[in-house]
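All residue numbers in this chain count up from 1 along the given sequence. Note that these values count all heavy atoms, side chains included, but never hydrogens, waters or copies made by symmetry. Just so it is clear, the model here is predicted, and its values are computed rather than measured.
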Amino acid sequence: MWERPPGRDNPMFSHSGDLRKGRFSEEGRIYLLTTTTWKRLPLFSDLMLGRVVVQAMRFQEYEDRIEGLAFVVMPDHLHWLVALQHQVTLSAVMKSVKNHSARQIGKIQRERGEPGHPHIWQNGFHDRALRKEDDMFAVARYIVANPLRAGLVERIGDYPLWDAKWL
């Protein structure tokens, strides 16, 4: 019987479950969240699709689940600095963002007559809780400077899919 070889898209060799080991969601704690598109497809090079993700993230703040501090939506991933509110979990926030954005993106692709993608997001996400000694502003600057480091723009103001609470 034929078996798929090991790879990033093979669930037999997936390590996304490892990302959940030891995860703890603490109200008021600041977290840096990172997640990627399925197979790192650059879906958010399409500004409209990137804005759908931004709307899904902002909805979390509107619902008072998080305080959004900074984010950048890159063509194939996002970085998001948040403070958790009201005993919501990181997993619940990310699940909501991914589910909502995937449904909306699929709808847009169908309306355009595009074949769409069966998956929008990779399973799981990475989180890092900031410690008191971490410089939150340095982390925010690192996040929003991502398009500069990637060579997508020469000035951060030229990149449309980012925000920081302090700017």
Side-chain angles (χ1 to χ4, degrees), residues 1-27 29-63 65-112 114-130 139-140 142-144 146-147 149-150 152 161-163:
M1 178 181 205
W2 183 82
E3 291 184 35
R4 289 192 302 186
R8 288 166 38 160
D9 63 338
N10 188 334
M12 290 176 52
F13 295 92
S14 172
H15 296 285
S16 65
D18 294 344
L19 295 175
R20 290 184 291 279
K21 290 179 182 171
R23 180 170 286 153
F24 179 72
S25 300
E26 182 180 356
E27 183 177 341
R29 167 86 59 182
I30 297 171
Y31 294 91
L32 172 58
L33 305 174
T34 302
T35 193
T36 60
T37 59
W38 178 254
K39 297 185 179 181
R40 300 292 300 234
L41 294 173
L43 297 173
F44 310 131
S45 293
D46 180 326
L47 183 58
M48 181 180 259
L49 301 186
R51 285 185 174 163
V52 166
V53 176
V54 172
Q55 286 177 327
M57 293 163 57
R58 294 219 189 266
F59 183 75
Q60 299 302 305
E61 191 160 19
Y62 175 78
E63 289 289 305
R65 301 176 84 188
I66 57 102
E67 178 185 1
L69 303 173
F71 71 83
V72 66
V73 177
M74 298 293 286
D76 65 353
H77 68 281
L78 70 84
H79 297 288
W80 194 15
L81 190 63
V82 302
L84 285 182
Q85 307 292 319
H86 306 293
Q87 299 179 341
V88 69
T89 65
L90 295 169
S91 295
V93 168
M94 290 304 291
K95 181 178 181 180
S96 177
V97 168
K98 286 181 171 186
N99 285 344
H100 177 76
S101 60
R103 281 192 309 275
Q104 292 302 111
I105 288 168
K107 180 179 174 186
I108 290 168
Q109 290 172 328
R110 285 188 300 280
E111 287 171 355
R112 292 176 174 175
E114 296 173 359
H117 301 281
H119 302 284
I120 302 298
W121 299 102
Q122 289 276 44
N123 289 335
F125 61 94
H126 181 269
D127 65 281
R128 183 172 81 78
L130 271 63
V139 174
Y142 175 83
I143 290 169
V144 300
N146 224 272
R149 286 191 305 278
L152 299 177
L161 297 173
W162 72 274
D163 197 7

Let me confirm one number: the [atom1]-[atom2] distance from [X] to [Y], rounded to the nearest 0.5 Å.
X	Y	atom1	atom2	answer
Leu32	Leu130	CG	CG	7.0 Å
Gln85	Gln60	CD	CD	12.0 Å
Leu33	Arg128	CG	CZ	11.0 Å
Met94	Asn99	CE	CG	11.0 Å
Leu69	Tyr31	CG	OH	13.0 Å
Glu27	Arg29	CD	CZ	12.5 Å

Taking all non-hydrogen atoms of both residues into account, name the closest pair between [X] and [Y] and its distance.
X	Y	value
Thr35	Gln122	OG1-O, 4.4 Å
Thr37	Pro75	CG2-O, 4.3 Å
Leu84	Leu90	CD1-CD2, 3.8 Å
Arg110	Arg103	NH2-O, 4.5 Å

Hey, does the side chain of [X] reach the backbone of [Y] with a donor-acceptor pair shorter than 3.5 angstrom?
X	Y	value
Lys98	Ile120	no
Glu61	Gly68	yes
Thr36	Arg40	no
Arg65	His86	no
Ser45	Pro42	yes
Ser101	Val97	yes

Within-4.5 Å side-chain heavy-atom neighbours: [X] and [Y]:
X	Y	result
Val54	Val73	yes
Ile108	Leu49	yes
Met57	Leu78	yes
Gln55	Tyr62	no
Leu152	Met74	yes
Trp80	Val93	yes
His79	Phe71	no
Ile105	Met48	no

Check: What about Phe44 and Trp121, are their ring centers closer than 6.0 Å?
Finding: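 That pair passes the under 6.0 Å test.
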
Note to self: Parallel, tilted or perpendicular, judged at 30° and 60°: which one describes the rings of Phe59 and His100?
What the structure shows: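 If you compare the ring of Phe59 with that of His100, the planes turn out parallel.
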
Item checked: Listed once per pair and sorted, the salt bridge (Lys or Arg N to Asp or Glu O under 4.0 Å) pairs that draw on residues 43-59, sequence neighbours left out ->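 For residues 43-59, and leaving out neighbouring residues, the salt bridge (Lys or Arg N to Asp or Glu O under 4.0 Å) pairs sorted by first residue read Asp46-Arg112, Arg58-Asp163.
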
Next item on the list: Mark yes when over 12 heavy atoms from residues, nucleotides or ligands other than Glu114 sit less than 6.0 Å from its CD; otherwise mark no.
Entry: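 Check passes, neighbour count above 12.
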
